[in-house]
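Single-structure report; data block below.
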Amino acid sequence: MTANIKFVKHLQKSIFYNPLKNNELDTQELEIRRDPLTHVQSVFNPVLEDKVAMFYGSSDAALMEKMAAESEPRCFLCEDRWRAMTPTYPSDLVPGGRIQVGQAVLFPNIFPAGQIHAVIRVGQKHYVPLAEFDPVSVTEAFQAAFQFAECLSKDKSVQYLTINANYLGPAGASIAHPHFQIVGGDLPCTYLESVLNSSAAYHKSNGSCYWPDLVNVEKAAGERYIGASGPVEWLAAFSPQGANEVVGVFPKRSHFLEMTDADIKGLAAGIVNVLHGYADMGISTFNFSVYSGPMGEHDDTIRCFVRIISRQNVYENYRTDDYFLQKLLRNELIVITPEALASNLRLQFK
Ligand SMILES: [Zn+2]
């Protein structure tokens, strides 16, 4: 069966008298891209390519250090303060109430946004520039996450789980200390629900799973393929839903309970590679989500995957990167093309 994946680019022209060009008539050509699975749109205007600074100010390293130093003394993840300050699960669900793997600690979110909502401390250091994220502490955090998924398998109402991260204020984090969050329950989140439906429809009409097909097509084309970290395959999203979106696919795993140690180490290594690549690009913040099909039986219509995006950089009075285009029209703006992003990040996967 050959993969039936189409990368559609819709072209538009925008015409006006341009004061930057002596008030001559200017025609700017826009490219509207559609995600091959969900059809979500993103917009690229090549004129913006050398105007990155208009959208993303430079990261202010001194400001980040200063803010981190101010928040460290009251951080509940630093030292062993979490022992006194964080909640615990009933011990029939999680023996001992919390999960500890090396420096990683998993405990309930005190203000849950879902039936299941846990927080995981990533390493003991309060503030970590993206260039200094290390595979060991990220691996420990994911190991804690997947141990928690095992604990939750006793509760059959928990069908859907995601592992997520916000890093630093512009990405929505309320504390600097690196941490991940597991969110889930008996309903998939809105995005996952649409992906499950589209993936099932793809499987029905093509007789194959979209996700390994996507990897094969992108690997063969090469333009957006970045590399592999163990069993995980990484590529730049054709129609990104955030800045610098990278997608990692587990070609053989349909849900979190199928993950092996090699999968977990590959996931951590790949995320760290992307963060180091972001650091080289001057980026200081990120979000990611790791998605899973329903827990339990292997489901051949879906695979586990992760999406990682960068957010606005940290500087004083920064401008938000989400405006009406993203929040209300649900179109993303492409400032750096996915093809250029892939060529930047490929170096980290060598
Ligand atoms: Zn801390």
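Whatever order the structure lists ligands and atoms in, that order sets their numbers, starting from 1. Every heavy atom of this structure was used, including side-chain atoms; hydrogens, water molecules and symmetry mates were not. Here, residue 1 is the first one in the sequence, and each next residue gets the next number.
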Aromatic F7 / basic R224 pairing, under 6.0 angstrom, 45° off normal: yes

To make sure I understand the geometry: which N, O or S atom in H126 is closest to the Zn ion (ligand 1)? ND1

Check all N, O or S atoms of H177 and name the one closest to the Zn ion (ligand 1). ND1

Heavy-atom side-chain proximity of F250 to L267 below 4.5 angstrom: yes

Round to 10° and report the angle made at the Zn ion (ligand 1) by SG of C75 and SG of C78. 120°

Can K125 and E132 be said to form a salt bridge (Lys or Arg N to Asp or Glu O under 4.0 Å), step by step? CA-CA 11 Å; K125 259 191 95 181; E132 291 170 28; 3.6 Å; yes

Distance-only side-chain donor-acceptor flag, Y202 / D213, under 3.5 Å: yes

